[in-house]
Amino acid sequence: MQEEIERVMDVVRKHHKLYENALPLIASENITSNTVRILLASDLSHRYAEGDVGNRFYQGCKYIDDIEERTIRYAKELFEAEHVNVKPTSGVNANIAALFALTSPRDKMMALSVPEGGHISYSRYSVPAIRDLRLEKLPFDPKEMNIDVDKMMKEIKEKKPKLILLGSSLFLFPLPLQEAKDAADEVGARIVYDASHVLGLIAGKKFQDPLREGADVVTSSTHKTFPGPQGAIILCGNSLSEGIDKAVFPGTVSNHHLHHVAGLAVTLMEMKHFGAEYASQILSNAKALAQSLYEDGFDVLCEHKGFTESHQIAVDVRGYGGGDAVAKKLEKANIITNKNMLSFDKTPKEPSGIRLGVQELTRIGMKESEMREIASFIRRVVIEEEDEDKIKEDLIELRKGFQHAQYCFDGKDAYKFPENLSF
Ligand SMILES: Cc1ncc(COP(=O)(O)O)c(C=O)c1O
């Protein structure tokens with residue numbers, strides 16, 4: 001038995017080693033500070049606290065109340081929100097709760113389709129199906145990699161949806177939220193803005209501010225550009241607070257993840273202190289990586305718009321065998337990316353692109369010059385078809401100088417397996 005347990009531990013150690021020696025470029029991930037890692041291993045991970053601050057179903061929650069109250073207070077301050085709910089356990093959970101609160105079965109909802117950037121949870125197999133909503137596609141302009149504003153306004157007025165879900169997993173540019181709000185107001189629609197990818201940029205005030213631009217509700221994961229523990233948050237005005245809170249508990253969550261709430265409190269403080277600097281470096285790094293890849297011969301989308309205004313860039317790799325083949329080839333050199341559908345793709349089985357996100361490499365201190373080196377690693381794998389093992393050696397050398405999380409108070413050895421977590 002002990003052997004089996006050791007085997008599990010060993011596999012996780014190997015996983016740590018892989019990431020210590022890799023270039024993690026998945027746009028939906030990040031690493032937390034060490035304080036957050038410790039909190040995630042605390043007794044809070046064992047407990048239940050159904051209910052709300054000061055009104056729990058179980059005893060033993062006085063410190064949990066303190067933590068949740070603080071986390072809500074810090075989030076209200078950072079995002080200038082009247083109301084905050086920190087209980088959803090993931091971004092999809094937050095979206096389900098928001099739709100549960102704001103729609104009734106058979107209502108019409110508009111969202112981006114998956115090939116055009118919509119998250120899989122917006123598809124007819126996911127959240128809209130759970131609520132039995134009629135789903136309409138938001139019109140997309142592939143050249144601009146954004147919603148087609150004129151068509152969107154016309155279609156909102158014609159189709160009269162009850163809800164517009166504005167958000168994207170291929171989120172290169174701010175979405176036309178103010179225009180959507182103008183059209184939504186004419187037909188009495190509500191807007192949910194899914195900030196999952198860009199919450200850290202919003203916290204650093206380097207992206208659009210959805211609550212000020214007209215979103216009724218903001219849903220978001222807390223672990224992509226916002227470098228917190230896995231989980232989610234919902235922000236809204238006081239007028240919707242009761243409905244949102246009920247849709248979260250008891251609607252779609254029984255016990256929320258208390259250790260993650262404590263970790264979120266700490267990350268909110270980190271972002272209050274370092275958020276502007278971190279977000280600003282993410283944007284510069286994304287542009288630098290895109291520019292270098294473009295100069296190296298890659299078809300990086302949206303050159304005419306400066307490639308990106310977020311942490312992400314999208315590359316059309318049809319000329320090199322498509323997204324799946326390229327992502328797998330890059331993995332052999334420890335460059336971790338994902339295949340991604342582009343707007344013209346007909347099937348998820350043959351995605352034409354790869355998506356790259358620089359938020360984690362920025363978190364460990366990389367700057368524009370490292371982005372240029374990374375572009376050259378990618379070029380050597382994909383265009384020059386050099387031996388992946390040789391490139392891996394070179395990038396491991398580069399990674400030696402970047403093992404600590406920055407933009408926090410305690411990021412030492414961020415990828416180390418916690419052998420010595422002492423109790
Ligand atoms: C736009 C968007 N919304 C929601 C989610 C889901 O978040 P989670 O994985 O926290 O459920 C994602 C995941 O990447 C996303 O891209």
Legend entry - Distance (rounded to the nearest 0.5 Å) between Leu112 CG and Leu170 CG: 10.0 Å

Legend entry - Worked check of salt bridge (charged side-chain N to carboxylate O under 4.0 Å, His left out) between Lys390 and Asp387: CA-CA 6 Å; Lys390 172 72 189 84; Asp387 176 30; over 6 Å; no

Inset, instruction - Report yes if the side chains of Tyr193 and Leu177 come closer than 4.5 Å at any heavy-atom pair, otherwise no. - result: yes

Legend entry - Side-chain donor or acceptor of Asp141 paired with backbone N/O of Asn146 under 3.5 Å: no

Legend entry - Donor-acceptor contact present, side-chain Thr225 to main-chain His197, <3.5 Å: yes

Legend entry - Passing option when Glu388 is tested against Arg380, Lys332, Lys329 for side-chain hydrogen bond (donor to acceptor under 3.5 Å, both in side chains): Lys329

Inset, instruction - Compare every heavy atom of Pro88 with every heavy atom of Asn93, then report the nearest pair and how far apart it is. - result: OD1-CA, 3.5 Å

Legend entry - Nearest heavy-atom neighbours spanning Arg47 and Ile64: CB-CD1, 4.1 Å

Legend entry - Pairs involving residues 335-354, ordered by first then second residue, that meet salt bridge (Lys or Arg N to Asp or Glu O under 4.0 Å) (sequence neighbours left out): Asp324-Lys339

Legend entry - Donor-acceptor pair, side chain of Arg134 and main chain of Arg106, under 3.5 angstrom: yes

Inset, instruction - State whether the number of non-hydrogen atoms from other residues, nucleotides or ligands found under 6.0 Å of Leu18 atom CG is greater than 12. - result: yes

Inset, instruction - Answer yes or no: is there a donor N or O on one side and an acceptor on the other, between the side chain of His259 and the main chain of Ala41, under 3.5 Å? - result: no

Inset, instruction - Ignoring hydrogens and angles, tell me if any N or O in the side chain of Lys287 forms a donor-acceptor pair with the backbone of Thr308 under 3.5 Å. - result: yes

Inset, instruction - Measure from the side-chain N and O atoms of Arg70 to the backbone N and O of Ala265, and report whether any donor-acceptor pair falls under 3.5 Å. - result: no

Inset, instruction - Give, for atom NZ of Lys14 and atom CD of Glu20, the distance between the pair rounded to the nearest 0.5 Å. - result: 15.0 Å

Inset, instruction - Could you give me the CA-CA distance, side-chain angles and deciding distance for Thr267 and Thr222, then say whether side chain to side chain contact (heavy atoms under 4.5 Å, CB included) is met? - result: CA-CA 9 Å; Thr267 316; Thr222 50; over 6 Å; no

Legend entry - Shortest non-hydrogen separation from Pro128 to Leu135 and the atoms involved: CG-CD1, 4.1 Å

Inset, instruction - For residues 305-321, pull every pair meeting salt bridge (Lys or Arg N to Asp or Glu O under 4.0 Å), keeping only residues two or more places apart or in separate chains. - result: Glu144-Lys305, Asp316-Arg318

Inset, instruction - Report the distance from atom CG of Asp10 to atom CD1 of Ile5, rounding to the nearest 0.5 Å. - result: 12.5 Å

Inset, instruction - Would you mind reporting whether Leu361 and Asn285 have side-chain heavy atoms less than 4.5 Å apart? - result: no

Legend entry - Gap between atom CD of Gln230 and atom OG1 of Thr89 - 0.5 Å precision: 10.0 Å

Inset, instruction - Decide yes or no for Ser169 and Arg355: does some side-chain heavy atom of the first lie under 4.5 Å from some side-chain heavy atom of the second? - result: yes

Anything under 3.5 Å between a donor and an acceptor, one on a side chain of residues 367-379, the other on a protein residue two or more places apart or in another chain? List them.
| unit_1 | atom_1 | unit_2 | atom_2 | d |
| --- | --- | --- | --- | --- |
| Glu368 | OE1 | Gln281 | NE2 | 3.2 |
| Glu370 | OE1 | Lys367 | N | 2.7 |
| Ser376 | OG | Glu373 | O | 2.9 |
| Arg379 | NE | Glu384 | OE2 | 2.8 |
| Arg379 | NH1 | Asp296 | OD2 | 3.3 |

Inset, instruction - Start with the C-alpha gap between Lys160 and Glu136, add the side-chain angles, then the distance that decides, and say whether salt bridge (charged side-chain N to carboxylate O under 4.0 Å, His left out) holds. - result: CA-CA 10 Å; Lys160 300 187 174 46; Glu136 297 277 351; over 6 Å; no

Inset, instruction - Please name the residue in the list Val218, Val217, Leu240 that meets the side chain to side chain contact (heavy atoms under 4.5 Å, CB included) test with Ile234. - result: Val217

Legend entry - Min side-chain heavy-atom separation Ile336-Leu25 under 4.5 Å: no

Inset, instruction - Keeping the roles fixed (side chain from Asn95, backbone from Tyr122), state whether a donor-acceptor pair exists under 3.5 Å. - result: no

Inset, instruction - Among Ile202, Leu175, Leu166, find the residue that satisfies the side chain to side chain contact (heavy atoms under 4.5 Å, CB included) test when tested with Pro210. - result: Ile202

Inset, instruction - Using modelled atom types only, decide if a donor and an acceptor are shared between the side chain of Ser45 and the backbone of Ser42 within a distance under 3.5 Å. - result: yes

Inset, instruction - Please confirm whether the backbone N or O of Pro105 pairs with a side-chain atom of Asp132, one donor and one acceptor, at under 3.5 Å? - result: no

Inset, instruction - Under the side chain to side chain contact (heavy atoms under 4.5 Å, CB included) rule, what do Phe409 and Ser33 come out as? Steps first, then yes or no, please. - result: CA-CA 8 Å; Phe409 300 99; Ser33 66; over 6 Å; no

Legend entry - Any Leu258 side-chain heavy atom under 4.5 Å of His256 side chain: yes

Inset, instruction - Identify the two heavy atoms, one from Lys224 and one from Ser28, that lie closest to each other, and give their separation to 0.1 Å. - result: CG-O, 3.2 Å

Inset, instruction - Locate the shortest heavy-atom distance separating Ala286 from Val358; write the atom from each residue and the value. - result: N-CG2, 3.6 Å

Legend entry - Residues in side chain to side chain donor-acceptor pair (under 3.5 Å) contact with Lys416, at least two apart in sequence or another chain: none

Legend entry - Aromatic centroids of Phe417 and His16 separated by under 6.0 Å: yes

Inset, instruction - Flag the pair Glu331 and Lys328 as a salt bridge only when some basic side-chain nitrogen lies within less than 4.0 angstrom of an acidic carboxylate oxygen. - result: no

Inset, instruction - Report the distance from atom CD1 of Ile282 to atom CG of Asn30, rounding to the nearest 0.5 Å. - result: 7.0 Å

Inset, instruction - Please list, chain by chain and in numerical order, all residues satisfying salt bridge (Lys or Arg N to Asp or Glu O under 4.0 Å) with Lys206, sequence neighbours excluded. - result: none

Inset, instruction - Report yes if the side chains of Val36 and Glu270 come closer than 4.5 Å at any heavy-atom pair, otherwise no. - result: yes

Inset, instruction - Test side chain to side chain contact (heavy atoms under 4.5 Å, CB included) on Ile396 and Lys392 and set out the steps. - result: CA-CA 6 Å; Ile396 289 173; Lys392 195 194 290 187; 4.0 Å; yes

Legend entry - Heavy-atom check, side chain of Lys87 versus side chain of Glu68, under 4.5 Å: yes

Legend entry - Counterpart residues, salt bridge (Lys or Arg N to Asp or Glu O under 4.0 Å), relative to Arg7 (two or more places apart): Glu3, Glu4

Inset, instruction - Indicate whether any N or O donor in one side chain lies under 3.5 Å from an N or O acceptor in the other, for Ser196 and Ser221. - result: yes

Inset, instruction - Could you walk me through whether Arg363 and Tyr407 pass the side chain to side chain contact (heavy atoms under 4.5 Å, CB included) test, one step at a time? - result: CA-CA 7 Å; Arg363 176 80 154 157; Tyr407 310 100; 4.1 Å; yes

Legend entry - Tyr74 side-chain N/O to Val266 backbone N/O, donor-acceptor pair under 3.5 Å: no

Inset, instruction - Calculate, to the nearest 0.5 Å, the distance between atoms CD and CD belonging to Gln178 and Glu213 respectively. - result: 4.5 Å

Legend entry - Contact check, side chains of Glu155 and Pro139, non-hydrogen atoms, under 4.5 Å: yes

Inset, instruction - Check the pair Glu80, Lys205 against salt bridge (charged side-chain N to carboxylate O under 4.0 Å, His left out), reporting the backbone distance first and the verdict last. - result: CA-CA 11 Å; Glu80 298 171 70; Lys205 310 230 180 295; 3.3 Å; yes

